Asker: 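First the structure, then my questions, so here it is.
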Amino acid sequence: MPWPTESAEKPLLGPELSVAGTTRSGRSGRSGRWIYYLVLPVVLLVIWWFCTDVLALFPSALLPSPIRVAKAFGHVIADGELMLNIEDSLLRIFYADLAALIIAVPIGLAMGLYQSIERLLDGLLSLFRPIPPLAWVPLAILWFGIGTLSIVFITFLSAFFSILVSTVAGVRSLDKLHIRAALSLGASRRRVLTHVVLPTTLPSIFTGLRIAIGVSWMSIVGAELIAASSGLGYMINYYQQVLRTDVVIVGMITIGVIGLGMDLLSRWVERRLLPWRQGARLP
Amino acid sequence: MTGHHKIAVLGVAKRFGETAGTSVNALSMIDLSIADGEFVSILGPSGCGKSSLLNIIAGFEESSTGRIEVDGKPISGPAPNRGVVFQEYALFPWLTVAGNIGFGPQSRGMRASKVNRIVSRYVELVSLTGFEQKYPHELSGGMRQRCALARCMANDPDIMLMDEPLAALDALTRVALQDELLRIWGEASRVRKKTVVYVTHSIDEAIFLSDRIVVMTPRPGRIQGEFVVPFPRPRLPEIRIHQDFHGLSDKIWLMLQAEAGRKSC
């Protein structure tokens, strides 16, 4: 086609440009890039090993050697303890974030679409938002006892606000012309909502969900330290009390790896579900 | 052809701002009737209220006084019998070319198989074959506007309202699309001629495309004069260099110039 191409595209998501891999052509260079990701962790591992096993700078109860940690890893995997705790934590995250999504998205849409609803809710929500999720732990224990319900409640609170704020921001990015176009094409108000407002907001909702997963993963571990009898947070707290620092570190590494995995997964899902967003990544 | 009025603009005025001191007369008492199947351009400098008038005819905005009648009946809000093509394309970025073109028929509850037939017909009409599964951001400006044109026509509206549809394109693409636009309009009008209201600030574009040109001037936005374009259809690209073409262009230019001179004094 002889039509000249316009280069009016503005990159909307600065940070995403370098992080998210782009198209097929980018994939071949990706295998080499892994080395960069691995350099610092490996260096750190060597220093850790050197300071503990070789120089013996710390008592192993304070900082065990990486080899002891690796053995502990094998141990908690073998007896199934690690998997059980991971399962508990992940399930709680799932319930909490699902509930947050179901409740925050409609409220966010309503707040974004109707100024009166926003005025009504904004004061209350602004007051609750600065309260750290962990400050709810004492109340949660009183209301729901120690266990899953408390943890889900606390995690829900941390996820709720991320999704809500992103959803409202997404509705704000609504293009008046898209609504006009849809109406003049014969779309009903209901169809405008489901086929214009929702797709416009979807990328923001997704960003909110991704932030929510990150935030709730952090707060769930915090909450499990206090208000649970299972889960990764509970596990590292328990082993701290019996001075098994190696298992504590196993728990911490697991938390980090799972957090990373969830972020990568949600990015992958986002790319699959929202292909039009690739436009923001054009060079 | 000029038998009955397809669109009647009756005493339409539009003012912004409520108090007498601060309000601005965007449109002042516009009366205009457009015949069935007529291609009318509304020509004027920016700020003359031409887009405002189009938005009122589309039903996007309400006039302060007066009313719009289509087929003798007053309008209320947007409707699929009045398709709109926007300067900024306003394609849905989350839908493919096929999805965008099929949006109207789908909205009106057509079966998927019928929607698909309509989509492939209009994809072909605007020469986007092979691009059905592309997203708008993957298309050039000219292709986007052809897609927007197809989206509008897929609903088979009697009336097409176009708000400077080619203004965002570069000069060469614009001229090429003017030819395309007439061809597409002709094809789509085979069964029943479609009425077009075309807003532009380009004198040459207005002459090349339309049957009649309504010249508007700003402050307050009102109709300054009308010109009937005498060239027969189909319009060939060569008429752009015809002497009569330039004669008409000069006459319109002088009218706009005289008005601008009077205002600046």
Side-chain angles (χ1 to χ4, degrees), chain A residues 1-13 16-17 22-25 170-171 173-207 270-283, chain B residues 55 58-61 77-96 99-110 127-128 130-131 133 135-146 148 151-152 154-155 157 161 163 168-170 172-173 176-177 180:
Chain A
M1 281 285 136
W3 308 104
T5 324
E6 278 187 331
S7 55
E9 254 81 322
K10 291 186 200 107
L12 296 170
L13 311 166
E16 297 246 343
L17 276 166
T22 47
T23 49
R24 271 175 217 103
S25 60
V171 181
S173 70
L174 202 56
D175 190 338
K176 185 173 72 180
L177 287 185
H178 286 150
I179 295 182
R180 288 182 167 184
L183 288 173
S184 75
L185 287 167
S188 60
R189 283 180 69 87
R190 187 197 159 96
R191 190 170 157 88
V192 170
L193 195 66
T194 54
H195 284 70
V196 179
V197 177
L198 204 59
T200 303
T201 320
L202 218 50
S204 301
I205 293 176
F206 229 97
T207 306
E270 183 177 356
R271 270 207 300 279
R272 295 301 296 271
L273 283 183
L274 313 173
W276 73 87
R277 258 200 133 181
Q278 307 249 336
R281 297 201 192 90
L282 282 177
Chain B
N55 283 335
F60 298 146
E61 289 174 20
N81 69 336
R82 276 166 280 132
V84 184
V85 179
F86 302 87
Q87 181 186 339
E88 306 85 348
Y89 323 125
L91 292 169
F92 304 124
W94 55 89
L95 294 179
T96 59
N100 269 285
I101 297 175
F103 189 92
Q106 254 166 18
S107 294
R108 297 185 304 133
M110 275 185 196
S127 324
L128 282 175
F131 292 90
Q133 298 313 317
Y135 287 92
H137 74 258
E138 298 172 287
L139 306 177
S140 69
M143 291 165 88
R144 285 180 208 183
Q145 197 51 290
R146 283 185 284 149
R151 179 178 68 175
C152 171
N155 248 349
L161 307 171
D163 189 3
L169 302 170
D170 65 272
L172 292 175
T173 310
L177 264 188
E180 280 275 282

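The analysis underlying the following values was restricted to heavy atoms, covering all of them including side chains, and did not include hydrogens, waters or symmetry mates. Everything quoted here is computed from the prediction, not taken from an experiment. Below, chains carry the letters A, B, ... as their sequence lines are ordered, and counting in each starts from 1.
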Asker: Nearest 0.5 Å please: distance from the CG atom of B:L172 over to the CG atom of B:L177.
Answerer: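 These two atoms lie 11.5 Å from each other.
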Asker: Supply the atom-to-atom distance B:N155 CG to B:S107 OG, rounded to the nearest 0.5 angstrom.
Answerer: 7.5 Å
Asker: With a 4.5 angstrom heavy-atom cut-off, which part of B:N81 approaches chain A: side chain, backbone, both or neither?
Answerer: neither
Asker: B:F86 versus chain A, heavy atoms under 4.5 Å apart: side chain, backbone, both or neither?
Answerer: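 The side chain, not the backbone.
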Asker: Which atoms form the tightest heavy-atom contact between B:L91 and B:R151, and what is the distance?
Answerer: CA-NH1, 3.6 Å
Asker: Please check: side-chain N/O of B:N100 versus main-chain N/O of B:L95, any donor-acceptor pairing under 3.5 Å?
Answerer: yes
Asker: At what distance, to the nearest 0.5 angstrom, does CD of A:E270 lie from CD1 of A:I205?
Answerer: 11.5 Å
Asker: Quick one: which residue pairs count as a salt bridge (Lys or Arg N to Asp or Glu O under 4.0 Å) with a foot in residues 178-188 of chain A, not counting sequence neighbours?
Answerer: A:R180-B:E61
Asker: Who pairs with A:H195 by ring-ring contact (aromatic ring centres under 6.0 Å, His included), at least two apart in sequence or on another chain?
Answerer: none
Asker: In chain order, what residues pass the ring-ring contact (aromatic ring centres under 6.0 Å, His included) check against B:F103, with sequence neighbours excluded?
Answerer: B:F92
Asker: Using heavy atoms and a sub-4.5 Å threshold, report which of residues 185-192 of chain A line up against chain B, by residue number.
Answerer: A:L185, A:G186, A:A187, A:R191
Asker: Given that the side chain runs from C-beta out, which part of B:A79 has a heavy atom under 4.5 Å from chain A: side chain, backbone, both or neither?
Answerer: backbone
Asker: Under 4.5 Å, counting heavy-atom pairs only, tell me which of A:L183, A:L202, A:V196 racks up the most with chain B.
Answerer: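 Answer, by heavy-atom pair count under 4.5 Å with chain B: A:V196.
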